[in-house]
Amino acid sequence: MVLSAAAPLTVMAGIAPLSIMLGGIGAPAGYLVAAAVMAVFAVGFVAMTKYVSRPGAFDAYVERGLGRRAGAGAGLLALLAYNGIQISGYAILGSSVGPVLRSLTGAGVHWAVPALSGVVVVWFLGYRGVEIGARVLGVLLAVEAVVLALVAGAIVVQGGAHGLSWDSFRPSHIWTGGMAAALTVCFGSFLGFESTAVYRAEARDPDRSVPRATLTALVFLGTFYTFVVWSIVQAFGPVQTVSVSVHNTREMYYIAAERYVGAWIADVMKVLIITSVLASALAFHNMVNRYIHSLAMQGLLPGALSRVHPRHRSPSVAGVCQSLLSAVVITGFAAAGSAPYRTMLIWLNTPGIIGVILLQAITALAVAVFFWRTPGLPRRRPVFAVALVSLVLMTGVTVVLVRYVDVLTGAGGATNAVLVGLVPTVLLLGFARPAPRSRS
């Protein structure tokens, strides 16, 4: 679920070229930096897992460390952030299906049609429960990884454009003005790895499986992303890479795939982008549903949203509501004549990315406070120290994201102010609202 939420093929083929355009050939190191910072956060996150018994992720951790009001604010912000990320994926799906259909049949289709069809597919798989969803996502994820590894491997075996080079990891290419902006893309690529905790109630042994899944996902993503982006730099060479990323941003990976493997692999990748987005949408759909279920159990949302399907054990009412919300948002943007990529994706994804990173900073603070206030815990002082370091790092990342929000949006100052302002507004609204007693 977590690895599919990250959507490796979509991130690498659709978003990673932007990190190269901004950061130059040092972009692969940006993914290593992002993975290292996330790893510091993960240490405190997984250390606290055994002390958080109820379902939920950020809200449960923050409540345990900082109190119920802070937990309520974190829960509502998580709901905003993950809904934004999940629904924005349908914009990518809608705009990706059209070109594939035109190339195969010559017929076009409005982007909202495949987007709404995707909502139905995602709802059905989510309704059937986490095990069915995990099986489907497992297959799609394996195919994504194989295709990316095949292209990267072919580039390495053939020696790239001018021989293999490690220049991407030289300090002179890492400490550049554009790398700060590139990091906004790199950190956004890891969103969802922390979502293992929302499946706690459905795991056989959550005290072991949640930390294991979290760290495994993070190590895999960090290693895989760095290798694949480095291979693309080798595919075009240090001199030409940035130029290709600027002039052929959306086609960069397809060009490399066709050059080093064959035209057929580029066509396969274009089709798999569709399944990759669907897989990511399903993973985030399941995540949002479990947040809704958790908040309803805590009395922050209507109690009916906490109902679980008697057979599939999925939060079915939450799933229906989330799917209806997705359909309404898609229909609204389509009716307004908005471009799916330039408007819908940007407006929904930006507060989502900033919201999740800010929640990680707040969670790091909650971990530090919890371990400081609770004597006798194993590894109390080391975890406390790591949590403080994580707090500083994640706060810094949040500041960088806000500072370079125009890189994420490409929009004007007024639009950016609204998109960024949503994050603290929802957080404070949740904090200000008296938290009722749990229904659990």
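In what follows, every heavy atom counts, from backbone to side chain, and hydrogens, waters and symmetry copies are set aside. FYI, the numbering just counts along the sequence from 1.
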Check your understanding: Mind checking whether Tyr61 and Phe370 have ring centres under 6.0 Å apart?
Key -> no
Exercise for review: Go through the steps to decide whether Phe371 and Arg379 satisfy the test side-chain contact (heavy atoms from CB on, under 4.5 Å), and finish with yes or no.
Suggested key: CA-CA 9 Å; Phe371 275 83; Arg379 299 179 296 133; over 6 Å; no
Say whether, by atom type as modelled, one donor and one acceptor occur between the side chain of [X] and the main chain of [Y] under 3.5 angstrom.
X: Ser276; Y: Leu272; value: no
X: Thr350; Y: Trp347; value: no
X: Ser189; Y: Val185; value: yes
X: Arg69; Y: Ala432; value: yes
X: Gln234; Y: Ser165; value: yes
X: Thr49; Y: Val46; value: yes
X: Arg290; Y: Asn286; value: yes
X: Ser168; Y: Ile25; value: yes
X: Ser280; Y: Val277; value: no
X: Tyr253; Y: Leu9; value: no

Between atom [atom1] of [X] and atom [atom2] of [Y], what is the distance when rounded to the nearest 0.5 Å?
X: Ile20; Y: Thr241; atom1: CD1; atom2: OG1; value: 6.5 Å
X: Leu401; Y: Ile354; atom1: CG; atom2: CD1; value: 6.0 Å
X: Met287; Y: Leu282; atom1: CE; atom2: CG; value: 10.5 Å
X: His173; Y: Trp166; atom1: NE2; atom2: CH2; value: 14.5 Å
X: Ile362; Y: Met394; atom1: CD1; atom2: CE; value: 11.0 Å
X: Ile92; Y: Leu278; atom1: CD1; atom2: CG; value: 11.5 Å

Practice item. Determine, stepwise, if the pair Leu32 / Phe169 fulfils side-chain contact (heavy atoms from CB on, under 4.5 Å). Key: CA-CA 10 Å; Leu32 274 184; Phe169 304 99; 3.8 Å; yes
My understanding is that only residues two or more places apart in sequence, or in another chain, count here; which of them pass side chain to side chain contact (heavy atoms under 4.5 Å, CB included) with [X]?
X: Ser326; answer: Gln86, Ile87, Tyr90, Val119, Gln322
X: Ala318; answer: Asn289, Ile292, Pro315
X: Ala235; answer: Ile155, Ala256, Tyr260

Does the side chain of [X] reach to within under 4.5 Å of the side chain of [Y], using non-hydrogen atoms?
X: Val33; Y: Cys186; answer: no
X: Phe187; Y: Val400; answer: no
X: Thr275; Y: Val143; answer: no
X: Val329; Y: Asn83; answer: no
X: Thr363; Y: Phe41; answer: yes
X: Tyr404; Y: Leu183; answer: no
X: Leu377; Y: Val383; answer: no
X: Val397; Y: Gln360; answer: no

Quick one: closest heavy-atom pair of [X] and [Y], and the distance?
X: Arg170; Y: Asp167; answer: NE-OD1, 2.7 Å
X: Phe384; Y: Ala368; answer: CD1-O, 3.2 Å
X: Ala296; Y: Pro302; answer: CB-O, 3.5 Å
X: Ser323; Y: His285; answer: OG-CE1, 3.4 Å
X: Leu191; Y: Ile357; answer: CD2-CD1, 4.2 Å
X: Gly118; Y: Leu93; answer: CA-CD2, 3.8 Å

Practice item. Using only heavy-atom distances, determine whether the side chains of Ser19 and Tyr31 contain a donor-acceptor pair under 3.5 Å. Key: yes
Exercise for review: Show your working on side-chain contact (heavy atoms from CB on, under 4.5 Å) between Leu427 and Leu358 and close with a plain yes or no.
Suggested key: CA-CA 10 Å; Leu427 180 66; Leu358 177 59; 4.3 Å; yes
Review point. What is the ring orientation for Phe58 with Tyr82, classed by angle as parallel under 30°, tilted 30 to 60°, or perpendicular over 60°?
Key: parallel
Point to revise | Geometric class of the Phe224/Phe220 ring pair [parallel <30°, tilted 30-60°, perpendicular >60°] | key: parallel
Exercise for review: Begin from the C-alpha positions of Phe236 and Met252 and carry the test side-chain contact (heavy atoms from CB on, under 4.5 Å) through to its verdict.
Suggested key: CA-CA 10 Å; Phe236 298 99; Met252 188 176 190; 3.9 Å; yes
